[in-house]
Amino acid sequence: MNGKGVTVAMDLSTPAAPVDSTLLIPRSHTVHMVRITAPDLRQAQKQSARIRAQFDDSDDRVAVLLDVIAHIAPEAHTARTEARWQPAAIDTTTGDTVLYIGTPRGLAGLILDIYAAGVADGVTVVPAVAEGDARDTCVQLLGDEVRTILATHSARSDVPIRRRAG
């Protein structure tokens, strides 16, 4: 772990606008950001350990960010219903990436657990829903409620954002 607190990024690209335009906030020391996907937290922890080991003998630091496909709503039932019936931003049926459907508090808890357990230095939240009001609400809750919850737990949320092109 990088010792600087959990980092949370949001990948807001969509199938209609898949351009990679990640904005990272520069830090005073050299940090390599490595984004990973894994089917579960155990596999993510193994990948993170391998990546960190590659940097053990250098002065450079690495931060590993785990992709988490997520859809959140004020109520878990609403989130589940929306995720089931709205167009998906990415294929959530393959099981290749950690998936979270629920409330902002639950997602914040998962992010804090990922960091505290040393699974990764943070996460890149990828909204599960492709478009519409449900996606807009999810993104707003990520930016407002999840960030607030993380901040109250003394977690840092840098919020580098992969913005929608166009």
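Remember, predicted model here, so these are calculated numbers, not experimental data. The analysis underlying the following values was restricted to heavy atoms, covering all of them including side chains, and did not include hydrogens, waters or symmetry mates. Counting from 1, the numbers follow the sequence of the chain as shown.
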Backbone N/O of I149 and side chain of T152: donor-acceptor pair under 3.5 Å: yes
Worked verdict on V126 versus V68 for side chain to side chain contact (heavy atoms under 4.5 Å, CB included): CA-CA 6 Å; V126 181; V68 175; over 6 Å; no
Partner residues of A76 under the side-chain contact (heavy atoms from CB on, under 4.5 Å) criterion, sequence neighbours left out: R80, T103
Listed partners of A38 passing side-chain contact (heavy atoms from CB on, under 4.5 Å), at least two apart: Q43, A44, Q47, L66
Criterion side chain to side chain contact (heavy atoms under 4.5 Å, CB included) on M33 and T7, from CA distance to verdict: CA-CA 10 Å; M33 299 293 253; T7 299; 4.1 Å; yes
CG-CD distance between D40 and Q45, expressed to the nearest 0.5 angstrom: 10.5 Å
Side-chain heavy-atom pair I36, S48 within 4.5 angstrom cut-off: yes
Over all atoms of both residues, closest heavy-atom pair of L110 and Y100: CD2-CB, 4.0 Å
Nearest-0.5 Å distance, CD1 of residue I72 to OG1 of residue T78: 12.5 Å
Pairs where residues 34-68 contributes a residue and the test ring-ring contact (aromatic ring centres under 6.0 Å, His included) is met, not counting sequence neighbours: H32-F55
Shortest non-hydrogen contact between A79 and H71, atoms and distance: O-CD2, 3.4 Å
Spatial distance of atom CZ (R105) from atom CG (L141) [nearest 0.5 Å]: 12.5 Å
Heavy-atom pair of closest approach, residues A70 and C138: O-SG, 4.1 Å
Non-hydrogen atoms of V34 and I51 that approach each other most closely: CG1-CD1, 3.6 Å
Side chain to side chain contact (heavy atoms under 4.5 Å, CB included) evaluation trace for I69 with V98: CA-CA 6 Å; I69 299 171; V98 174; over 6 Å; no
Least distance between heavy atoms, A73 atom then E82 atom: CB-OE1, 4.0 Å
salt_bridge(D121, R52) N-O dist < 4.0 Å: yes
Side-chain (R35) to main-chain (L65) donor-acceptor, under 3.5 angstrom: no
Close side-chain approach of P104 to V146, heavy-atom, < 4.5 Å: yes
D133 atom CG: more than 12 heavy-atom contacts under 6.0 Å: no
Atom pair CD (Q140) and CG (L142), whose distance is rounded to the nearest 0.5 Å: 10.5 Å
Donor-acceptor pair, side chain of T124 and main chain of D67, under 3.5 angstrom: no
